[in-house]
There are 2 protein chains.
Amino acid sequence: MSERAPEQPGREDIVTGIMRQWQQVHPGLDLEPIGVIGRINRCAALLQQAADAQLRPQQLTRAEFDLLGTLRRSGRPLTAGELTRETFASGAAVTKRLRRLEQHDLVERRIDERDRRVAHLTLTDAGRELADHTLPDQLNREQALLSGLPPEHREQLAERLAELLLLLEGSIGQISRAAN
Amino acid sequence: MSERAPEQPGREDIVTGIMRQWQQVHPGLDLEPIGVIGRINRCAALLQQAADAQLRPQQLTRAEFDLLGTLRRSGRPLTAGELTRETFASGAAVTKRLRRLEQHDLVERRIDERDRRVAHLTLTDAGRELADHTLPDQLNREQALLSGLPPEHREQLAERLAELLLLLEGSIGQISRAAN
DNA sequence: CAGGATTATTTTACGAGTGAAACACTTGCT
DNA sequence: AGCAAGTGTTTCACTCGTAAAATAATCCTG
């Protein structure tokens with residue numbers, strides 16, 4: 001399917017070529033941000049595509065699975081608002097996703113008695129089982145993807161990304177008040 | 001919701017906390033993929049949010065700007081199909097975006113005379129000006145975000161991401177026929 | 001040189017996400 | 001107590017993206 005040119009198996013990633021094109025069109029422009037940010041975006045797109053494909057048979061969206069995972073790892077009921085903040089999503093989106101998850105009997109809703117505005121969401125047994133089955137599966141396939149990288153490079157990548165993310169949370173995250 | 005310690009300004013990124021939660025719930029599970037992939041996804045989300053905000057005043061979507069940029073850096077007319085592959089998007093999405101860009105007189109369409117199925121798209125003068133004004137702007141703000149990282153860390157990050165992307169293009173990209 | 005296979009692009013029908021307004025409560029002020 | 005202000009969640013109207021079907025042209029191949 002790819003016998004293009006006398007090209008080596010995998011010499012360059014897509015972004016390298018993109019940067020070369022820009023350099024020819026705008027010589028002298030500092031393209032470093034593309035080398036970092038463009039690659040992050042492409043990697044994210046590919047990885048999300050892979051995750052979506054893996055969740056499709058379970059009839060779950062990545063965003064829905066994110067909710068299940070957030071409930072699972074928190075180990076206690078969360079309110080809709082907490083889920084909104086934890087999953088970095090809009091309130092409207094969370095409402096819709098919760099409706100679907102409730103319809104499929106994966107999460108349950110309990111109205112707070114003190115303050116009847118707030119809803120506490122919990123995983124049902126089915127929801128917990130689904131999460132507990134799906135997460136390790138997901139991690140295995142992801143680890144398989146990453147295994148093509150030498151372990152010390154994976155580790156370095158994680159460290160550098162942590163630095164960057166911390167930085168971005170500081171400079172961009174202000175509005176979204178990511179309440180940790 | 002988080003009684004963690006006399007919290008320092010920015011000691012940990014969000015993902016570190018998420019990993020700690022998982023470790024408590026599923027001890028023994030290998031969470032390394034979260035450290036890499038989870039962080040890539042979060043970084044991408046934040047960076048895209050920043051880019052969207054910056055493009056809003058220009059009345060452009062990030063995806064639309066991606067089309068303009070692709071045409072600009074290619075330096076020649078591209079067909080709709082080429083744009084589809086280059087921008088990593090679905091055909092339908094490209095059709096819609098091109099319609100909008102044509103309506104705003106940013107790109108022009110010319111039907112190929114040999115094969116009247118194919119459309120060649122070009123930037124108009126306005127489109128080129130917009131791209132030439134917006135890209136450096138974008139790069140400057142992105143460089144400003146990254147400038148919080150030591151230069152050698154930025155470089156290392158770009159290198160490691162290039163390795164990863166190359167790997168992912170090999171293992172995931174098969175379907176999407178990225179004909180380069 | 002006719003008619004099916006192939007290719008390039010658009011249309012259609014629909015699902016998912018969004019911001020703003022609405023709704024449903026509780027809190028605090030007087 | 002009464003009511004304005006505040007808070008948590010849902011609804012509404014809309015945009016954007018997608019997969020699959022439709023359209024439109026070209027390429028074979030006998």
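Order of the sequence lines sets the chain letters (A, B, ...), proteins ahead of strands, with each chain counted from 1.
- As a whole-Å value, the separation of A:Q48 CD from D:dG17 P is 14 Å.
- A salt bridge does not link A:D52 to A:R56: none of the charged nitrogens lies less than 4.0 Å from a carboxylate oxygen.
- Whole-Å rounding puts the B:F88 CZ to D:dT18 P distance at 10 Å.
- No contact: B:A89 has no heavy atom under 4.0 Å from any strand.
- The residue among A:R56 and A:K96 whose nearest nucleotide of DNA chain D lies closer to the 5′ end is A:K96.
- Side-chain N/O atoms of A:S90 include one lying less than 4.0 angstrom from OP1 or OP2 on C:dT18.
- Remark on DNA chain C: of its neighbouring residues A:E113 and A:A92, the 5'-side contact belongs to A:A92, judged by nearest-heavy-atom nucleotide.
- The base of C:dT7 sits with one of its N or O atoms less than 3.5 Å from a complementary donor or acceptor on the side chain of B:R117.
- Using a cutoff of 4.0 Å between basic side-chain nitrogens and carboxylate oxygens, A:E82 and A:R76 are scored as salt-bridged.
- In this structure, A:I14 and B:F88 have side chains that are not in contact, with every pair of non-hydrogen atoms separated by 4.5 Å or more.
- Within the nucleic acid shown, B:T84 has no heavy atom closer than 4.0 Å to any nucleic acid atom.
- Taking atom CG of residue B:L83 and atom P of nucleotide C:dA8, one finds them 14 Å apart after rounding to whole Å.
- In this entry the distance linking CG of B:L60 with C1' of D:dT15 reads 15 Å, nearest Å.
- B:R109 comes within contact range of the sugar-phosphate backbone alone, with a heavy-atom separation under 4.0 Å but no base atom that close.
- Counting non-hydrogen atoms under 4.0 angstrom, A:A63 reaches the backbone sugars and phosphates but no base.
- Here A:A80 lies in heavy-atom contact (under 4.0 Å) with sugar-phosphate atoms only.
- Look at B:E86 and B:R73 and you find a salt bridge, because one of the NZ, NE, NH1 or NH2 atoms lies within 4.0 Å of a carboxylate O, short of that distance.
- Across all strands shown, B:R62 has no heavy atoms under 4.0 Å from either base or sugar-phosphate atoms.
- Nucleotide C:dT9 holds its P atom 8 Å from the CG atom of B:D115, rounded to whole Å.
- Tested against A:E102 for a salt bridge (Lys or Arg N to Asp or Glu O under 4.0 Å), the candidates A:R97, A:R110, A:K96, A:R109 yield a single pass: A:R109.
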